[in-house]
Amino acid sequence: MAPPEASSAAFPNRYASNALRHAFGDVLSYFILLLIGVLAFSIRIFSVIKYESVIHEFDPYFNYRVTKFLTKQGIYEFWNWFDDRTWYPLGRVIGGTVYPGLTLTAGTIWWLLNSLNIPLSVETVCVFTAPIFSALASWATYLLTKEVKGAGAGLTSAFLLAMVPSYISRSVAGSYDNEAVAIFALIFTFGLYIKTLNTGSLFYATLNALAYFYMVCSWGGYTFIINLIPMHVLLCVVTGRYSSRLYIAYAPLVVLGTLLAASVPVVGFNAVMTSEHFASFLVFIIIHVVAFVYYIKGILSPKMFKVAVTLVVSVGLAVCCAMIAVLIALVASSPTKGWSGRSLSLLDPTYASKYIPIIASVSEHQPPTWPSYFMDINVLAFLVPAGIIACFLPLSDASSFAVLYIATSAYFSGVMVRLMLVLAPAACITSGIALSEAFDVFTRSIKFQLPGVLSNAEVDVGETSSAVVEAQNVAGKTDKPEETSKDRPSRKKKKERVHEEKPSTKAKAEKKRLLALPLAASVISLLLLVFLGAFYVRHCVWAAAEVYSAPSVVLSYRSHGRLHIFDDFREAYAWLRHNTDVNDKVASWWDYGYQTTAMANRTVIVDNNTWNNTHIATVGTAMSSPERAAWEIFHSLDVKYVFVIFGGLIGYPSDDINKFLWMVRIGGGLFPHIKEADYLRDGSYRIDSKATPTMLNCLMYKLSYYRFVETDGKAFDKVRQTEIGKKYFKLTHFEEVFTTHHWMVRIYKLKPPKNRIRGKTKKSKPVQFSLFCSKNNSDVHLQVDFNLLMLWQKTSSRNSSRSGAQKKNPWH
Amino acid sequence: MAREKSSKGNAQALFHSLRSAYAATPVNLKIIDLYVGFAVFTALIQVVYMASVGSFPFNSFLSGVLSCVGTAVLAVCLRIQVNKENKEFKDLPPERAFADFVLCNLVLHLVIMNFLG
């Protein structure tokens, strides 16, 4: 009598204590998640502390301007906005060409806060959007990894993502760019997809489609999702893991997702017409075929099924081939086979450099170097392979997805530096899994060997032997000490459940000897894991504070213990804002377009959107042409002011002279009279005395180095580390109106055209002009001999004038 | 000759076994199958109409076809979840499955209405 009572008395006690442990574990997990969110937010506000709450870089200024417009004018005006202050005289349809997710998110937050009577300015909301969404992104990583491997792995990967430098670089406070919300949307979409796959619930499928919609609104990288998920579905089908949950996870997503993607104006009908989406439709058809085959298999006997298969295969194959042939013919008839330029450059890394110099010129689109991997994902770089192995033990649908994700993102990150950002979540997930599994092994060994805690703590041999293998692979991995103590309750909770099943597997397990690691080895390994985590944290904090927190609008450097701040950009934009007319047009290289429209509030000719290659080539040609031709080009565009960025005085390397080669290449790509060889001496661009005459006479050279010799008497360019070639010259068609404190921005005004031109001819050929220049070495004669040139032209015939060194300039 | 006859016999036997196996499915599943068939048929009609008349306005065509395809897919999902032979969904109450189906349809048709133009 006593034993049953004892057992019945013991049972509710154990159940109660179990429930208590579960509850304790849950509360602890949520508390840890909250702390991870706070960590993610606070590591990103170094830039606000070190500099000020200012918007960084170039692209965020455009987003900021759009958000200001949205908050001021309302959503209908925003959707229908035609911006006439950029790409003059073409303008830009903002409503249809911008990914609205980021601006709508920030606008909503601003509106919400203001309706609650918290009067934050739009700029503050924009600056702090990215850190908030990175906290959300780490929580989304917890969701995703929990579905793949469990809560412990989820917490580890959330912690890793909160600090990974690659993600910090694009989401510091002030980096108000699409990736700030897009990475959150990406991870959240994947998380919901895996949750749907695991549970088979249509509710999560709906949420998944809505999260995908948010991703499409936010970033052009949504094509990664709509290609990775079909790839994963195909992988599952091919490896025999088809299940009805897979169908529920995928089919509604395709239909709803395509519709939602087509609802976003930027994407529009591209959602059904471009090759980037065809993979999803193809796999949609395939999964229906597979589902149908499984259904038929279920209701028929095996013999009949074989008959059905032979019948279908013989008939269906012919139809399939015909349809595929038609489809291939359709796609092959378009020149790029239906892919957009950016996607093609992902598939064929050399495509952009051959055909689209604008894409090739952006530094973010270059392939990364090896050190950038260790800079951006640090310790995770060698934890990832361990994580991939851990995903195979055991392999489930979700862990196969994690492996596929890391494999594809590793490839794409090798093509473009910018896509290291997509690699970061994948690396965090797999590393989190690896760390969690290693941690599991060690704590289990320790627990097994601690006397008196639990007798007969037998672990499944398969797990332990693989754990031993893993421990050998994972030599020297660590985790944070807080994590150690906080994860232990959740580990204990899992082990309790494992021990409940012990009686049933006891007999089986007793036969196989389990191998636990020695106690000392486990303890030391745990400590080493902790140290590894400490190194990771230290690196991430250093990267966030020193490397990625610089707002490139404001430059600083330390010398002789003092901090020098260069605020020249904002000085120049403020000058433009206060000293020019509202309707004046300003020309510069496209890098500065967004900042000019946002901060100086003036109309620009080209900006960072780079949607019109011809317009950019026009500006590039103007910068590469001699003064007269450049003046003609700018005058035809109604430009009043031109500015260049010049770093020669202080040694700022990203100035326009260093970008000049792209101006020549892009301009020369469209206007054949600009030939790159004319600017090169021995294959390199030079501005010293050995430079070519074309280089010394082009507008960029003149605007950069006008009066530069007055600074130190020798005109020594600190960036190119040489004295310049032509030191004393005057400008004939431009006049200098403003140069900032450190000579970084130099603003010039176009001189108005002369009222009278002496002599009978009204047009002058620039060909003769430069020819004339090359004959004289000293340019002081330029101004005086202008009228002589007119005289000379009149007397020379047209034919002989055209036999000059250059081809006819299309601007005449 | 013999092979043709045997293949024809095979096809007939296949057809009969398919028919008998399908007749054995419960009535509620057959209703769902009928609904799926109706949706697909409507989609086909729209495609034929588009092929004959032209695809302007394209967004209306897309939303019409995708709404039919969407309801078909969602009905198939419902059928999967309600089917008693599916071991994976045996502890999912059919009311919950239907509620999810209705919710997903609501979202789908909201988007359709927006996109119809």
Side-chain angles (χ1 to χ4, degrees), chain A residues 196 198-210 213 243-265 268-269 271-273 281 284 287-288 291-292 294-312 314-315, chain B residues 6-7 9-25 33 55 58-59 61-63 65-74 76-81 83 85-89 92 96-112 114-117:
Chain A
T196 318
N198 281 343
T199 58
S201 153
L202 203 54
F203 171 65
Y204 283 112
T206 318
L207 285 182
N208 185 21
L210 290 174
F213 173 53
S243 66
S244 43
R245 288 173 288 117
L246 190 70
Y247 181 85
I248 295 179
Y250 183 65
L253 172 69
V254 170
V255 178
L256 263 176
T258 310
L259 267 173
L260 286 167
S263 306
V264 180
F269 295 145
V272 290
M273 307 241 274
F281 300 140
F284 185 66
I287 201 177
H288 274 93
F292 192 60
Y294 269 84
Y295 171 68
I296 297 287
K297 198 175 194 178
I299 63 173
L300 281 182
S301 63
K303 185 173 81 78
M304 282 284 104
F305 181 64
K306 259 210 244 181
V307 168
V309 165
T310 43
L311 186 68
V312 165
S314 53
V315 169
Chain B
S6 79
S7 75
N10 267 343
Q12 275 191 342
L14 172 69
F15 184 62
H16 280 304
S17 70
L18 267 177
R19 219 172 165 189
S20 60
Y22 188 66
T25 56
D33 290 340
S55 71
F58 193 57
N59 56 328
F61 164 67
L62 257 189
S63 59
V65 167
L66 282 178
S67 97
C68 295
V69 171
T71 50
V73 162
L74 290 176
V76 170
C77 291
L78 177 67
R79 186 191 200 278
I80 290 172
Q81 289 183 329
N83 197 354
E85 289 168 23
N86 250 331
K87 297 291 171 290
E88 284 169 350
F89 293 104
L92 182 75
R96 167 76 198 268
F98 186 69
D100 286 343
F101 170 73
V102 167
L103 174 72
C104 211
N105 261 320
L106 266 175
V107 173
L108 174 71
H109 286 99
L110 194 66
V111 183
I112 298 281
N114 176 46
F115 198 53
L116 206 52

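Atoms considered below: every heavy atom in the structure, side chains included; atoms not considered: hydrogens, waters and symmetry mates. Lettering of chains follows the sequences in order, A, B, ..., and the numbering in each one begins at 1.
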- If every non-hydrogen atom of B:Phe115 is compared with every non-hydrogen atom of A:Ala262, which pair is closest and at what distance?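 Between these two residues, the closest heavy atoms are CE1-O, 3.3 Å.
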
- Item | side chain to side chain contact (heavy atoms under 4.5 Å, CB included) between A:Thr258 and A:Phe281, worked out | CA-CA 10 Å; A:Thr258 310; A:Phe281 300 140; 3.7 Å; yes

- Find the distance between OG (A:Ser201) and CG (A:Asn208) and round it off to the nearest 0.5 Å.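 Separation between the atoms: 11.0 Å.
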
- Message: Could you measure the distance from the CG atom of B:Asn105 to the CG atom of B:Leu110? Nearest 0.5 Å is fine.
- Response: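 Those atoms lie 12.0 Å apart.
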
Look at [options] and state which one has the largest set of heavy-atom pairs under 4.5 Å with chain B.
{"options": "A:Phe203, A:Phe213, A:Phe269, A:Tyr295", "value": "A:Phe269"}
{"options": "A:Leu256, A:Ile296, A:Leu259, A:Val272", "value": "A:Leu259"}
{"options": "A:Leu207, A:Val254, A:Val255", "value": "A:Val255"}

Name the region of [X], side chain, backbone, both or neither, that has any atom closer than 4.5 Å to a heavy atom of chain A.
{"X": "B:Asn59", "value": "both"}
{"X": "B:Phe89", "value": "side chain"}
{"X": "B:Ile80", "value": "side chain"}

- Where the side chain of B:Gln81 meets the backbone of B:Arg96, is there a donor-acceptor pair that is under 3.5 Å apart?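 Side chain of B:Gln81 to backbone of B:Arg96, a donor-acceptor pair under 3.5 Å: no, none is there.
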
- Task: Look at B:Leu103, B:Leu62, B:Leu92, B:Thr25 and state which one has the largest set of heavy-atom pairs under 4.5 Å with chain A.
- Result: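 Counting heavy-atom pairs under 4.5 Å, the top option is B:Leu62.
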
- Residue part contacting chain B, namely of A:Thr199, when any heavy atom lies under 4.5 Å: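 Only the backbone of A:Thr199 comes within 4.5 Å of chain B.
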
- chain B contact via A:Tyr250 - which portion, at a heavy-atom distance below 4.5 Å: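 Interface part for A:Tyr250: neither.
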
- Between B:Leu18 and B:Tyr22, is any pair of side-chain heavy atoms under 4.5 Å apart?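 No, too far: nothing below the 4.5 Å cut-off.
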
- Query: Parallel, tilted or perpendicular for A:His288 and A:Tyr247, by the 30°/60° rule?
  - Reply: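 If you compare the ring of A:His288 with that of A:Tyr247, the planes turn out perpendicular.
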
